[in-house]
K.L.:
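First the structure, which I've put down as structure tokens, then a few questions once you've had a look.
The shown structure was predicted, so the numbers you read here are calculated from the model rather than taken from an experiment.
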Amino acid sequence: MKPIGLAVIGAGYWGPNLVRNAQATPALRLEWLCDLDTDRARSVLGPYTTVRTTDSYEQVLADPKVTAVAIATPAATHFDLVRAALEAGKHVLVEKPLTPSSAEAAKLVDLAEEAGLTLMCDHTYCYTPAVRKIRELVHGGEIGEVQFVDSVRINLGLVQPDVDVLWDLAPHDLSILDFVLPQGMRPVAVAAQAADPIVAGRACVAYLTLWFAGETMAHVHVNWLSPTKIRTTVIGGSRRTIVWDDLNPQQRVSVHDRGVDLTPASRLAPDERRAALISYRVGDIQVPALPEREALRSVMEEFATAIHEGRPALTDGRAGLRVVRLLEAASRSIAAGGSKELVEGDS
């Protein structure tokens, strides 16, 4: 198929990664790099390139060679940039979060669907081989019914000037949960607590608890201040438990045949029911072989394929909207001192 003409918007922290992976994706043809600082854009591209640079977003959208745009700008700019692109008939890939507001995100989702355009969120972790494998295991029933999730994402990170740690780091974990859990398993409520121990003017440490229908819970810890970097997620099932350690390249994903079994009282004789109904299971640990592949390359390929096939991307606008709704509910909870907040919407 003819390559899709692409423009990357933003040459800051993430934009160069989009440029590099777009140029390595045969289904895409990079036409423009747009940034308010054109010198920076030219330095990203290097001296030997046919890609054009500009500081005019309008010029990019007016180019008939541009079929799609990839937006890597601050979250506060997303709504206006994505809306303008959709109204110009362009498909859109946008960095997380989709917007800082669920009302704005919902408008963009509706606009894209009405126009028949692809709106995709760059939830990059969802395209790592590890997370793709976890999704396969969960959706395939290998671990049984999901009983709990515990996720930790902490490091000595950069205190962002425009967002708190919740909106900076938690979108990764929330988008991963949205991606790997069964489709009918959505959070119904959330509570969060946060702190600013260094008086940075925004939360630097946050803890989120999510409730699902039934008794399933998830816990997410995000932190900019830890001198030790930890990125682990544990997904406990009724049959097996998945442990994902993103910092362990030799064993990123392990599947443990260990857990707790409960014998229903109906299966026991009356004189046995006083005895413990819980038994502990200790079995083997399996470590699936995972390919080494840059996740952002898979993001670009999924974006192009979704456009060509006219289908929603794996992390489409509705997935981005669900994440923003969770972040909003968590922010409301923090403002109310950690109250349990219902998650709005049915997307």
Side-chain angles (χ1 to χ4, degrees), residues 9-10 14 69-86 91-114 117-127 131 149 151 153 160 162-181 183 185-194 202-203 206-212 218 220 222 299 303 312-336 339-347:
I9 313 303
W14 197 242
V69 299
I71 296 173
T73 61
T77 67
H78 286 180
F79 178 72
D80 289 336
L81 293 176
V82 174
R83 181 179 61 179
L86 293 172
H91 305 279
V92 179
L93 170 67
V94 60
E95 174 61 292
K96 59 87 181 169
L98 176 54
T99 65
S101 157
S102 63
E104 290 182 344
K107 290 178 182 178
L108 296 179
V109 169
D110 290 342
L111 183 59
E113 292 180 351
E114 291 168 3
L117 295 168
T118 296
L119 174 59
M120 177 177 171
C121 293
D122 180 12
H123 293 163
T124 310
Y125 273 99
C126 297
Y127 296 87
V131 174
V149 180
S151 184
R153 184 177 301 275
Q160 300 294 333
D162 55 341
V163 294
D164 62 15
V165 69
L166 174 74
W167 283 81
D168 180 39
L169 297 183
H172 294 306
D173 302 277
L174 297 178
S175 63
I176 290 167
L177 287 179
D178 185 80
F179 186 71
V180 303
L181 294 179
Q183 187 172 1
M185 191 175 178
R186 304 289 189 206
V188 296
V190 62
Q193 294 179 316
R202 60 192 58 83
Y207 298 86
L208 290 77
T209 301
L210 293 85
W211 287 266
F212 300 80
V220 177
V222 290
V299 170
F303 185 42
L314 286 172
T315 53
D316 62 1
R318 289 198 172 274
L321 173 58
R322 289 191 294 269
V323 170
V324 173
R325 282 174 171 161
L326 287 172
L327 292 168
E328 282 187 333
S331 293
R332 292 196 305 270
S333 176
I334 291 171
S339 63
K340 189 175 183 178
E341 298 286 330
L342 296 179
V343 179
E344 298 176 356
D346 56 359
S347 176

K.L.:
So, are K107 and D110 salt-bridged, with charged N and O less than 4.0 Å apart?
P.N.:
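Salt bridge absent between K107 and D110.
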K.L.:
Taking 4.0 angstrom as the limit, do R318 and E113 come out as a salt bridge?
P.N.:
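Salt bridge: yes.
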K.L.:
Quick one: are M120 and V299 in side-chain contact, heavy atoms under 4.5 Å?
P.N.:
yes
K.L.:
About how many Å separate CG of L326 and CG of L208, when rounded to the nearest 0.5 Å?
P.N.:
8.5 Å
K.L.:
Let me confirm one number: the OG-CG distance from S175 to L98, rounded to the nearest 0.5 Å.
P.N.:
12.0 Å
K.L.:
Shortest non-hydrogen contact from S101 to V324?
P.N.:
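Closest heavy-atom pair between S101 and V324: C-CG1, 3.7 Å.
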K.L.:
What I'd like to find out is whether the side chain of W167 reaches to under 4.5 Å of the side chain of E328, using heavy atoms alone.
P.N.:
yes
K.L.:
Kindly say whether S339 contributes a backbone atom to a donor-acceptor pair with the side chain of R332 at under 3.5 angstrom?
P.N.:
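Looks like no, no N/O pair under 3.5 Å.
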K.L.:
Is there a side-chain contact between L86 and V92 in this structure, where contact means two heavy atoms from C-beta onward sitting under 4.5 Å apart?
P.N.:
yes
K.L.:
Looking at A75 and P100, what are the two nearest heavy atoms and their distance?
P.N.:
O-CD, 3.4 Å
K.L.:
Measuring from R202:CZ to D162:CG, what's the distance to the nearest 0.5 Å?
P.N.:
7.5 Å
K.L.:
Is it the case that the side chain of T209 and the backbone of A191 share a donor-acceptor pair, with hydrogens and angles ignored and the cut-off at 3.5 Å?
P.N.:
no
K.L.:
How long is the gap from NE2 on H123 to CG on L314, to the nearest 0.5 Å?
P.N.:
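Those atoms lie 12.0 Å apart.
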K.L.:
Are any non-hydrogen side-chain atoms of T124 and W14 less than 4.5 angstrom apart?
P.N.:
yes
K.L.:
For a quick test of reading the model, state the closest non-hydrogen atom pair linking A192 to S333 and the distance between them.
P.N.:
N-OG, 2.8 Å
K.L.:
Taking side chain as C-beta onward, heavy atoms only, is K340 less than 4.5 Å from W211?
P.N.:
yes
K.L.:
Backbone N or O of T99 within a donor-acceptor pair of the H78 side chain at under 3.5 Å?
P.N.:
no
K.L.:
Taking the side chain as every heavy atom from C-beta outward, state whether R325 and R186 have any atom pair closer than 4.5 Å.
P.N.:
no
K.L.:
Does any part of the side chain of F303, heavy atoms only, come nearer than 4.5 Å to the side chain of D122, both counted from C-beta?
P.N.:
no
K.L.:
Identify the heavy atoms of L210 and P187 that sit nearest to each other, and give their distance.
P.N.:
CD2-CG, 3.7 Å
K.L.:
Should the ring pair Y125 and H172 be called parallel, tilted or perpendicular, given that the plane angle runs from 0 to 90° and is split at 30 and 60?
P.N.:
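Perpendicular.
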K.L.:
Could you pull out the closest heavy-atom pair between A218 and L177, with the gap in Å?
P.N.:
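Answer, listing the atom of A218 first, then L177: CB-CD1, 4.2 Å.
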K.L.:
Compare every heavy atom of D168 with every heavy atom of K96, then report the nearest pair and how far apart it is.
P.N.:
NZ-O, 2.6 Å
K.L.:
Applying the side chain to side chain contact (heavy atoms under 4.5 Å, CB included) test to R153, which of V220, V165, I176 qualifies?
P.N.:
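It is I176, the one option of V220, V165, I176 that forms the side chain to side chain contact (heavy atoms under 4.5 Å, CB included) with R153.
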K.L.:
As a quick check of understanding, evaluate side chain to side chain contact (heavy atoms under 4.5 Å, CB included) for T73 and E95, giving each step before the final call.
P.N.:
CA-CA 7 Å; T73 61; E95 174 61 292; over 6 Å; no
K.L.:
May I ask you to test the P97-V323 pair for a side-chain heavy-atom distance under 4.5 Å?
P.N.:
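Contact flag for P97/V323 side chains = no.
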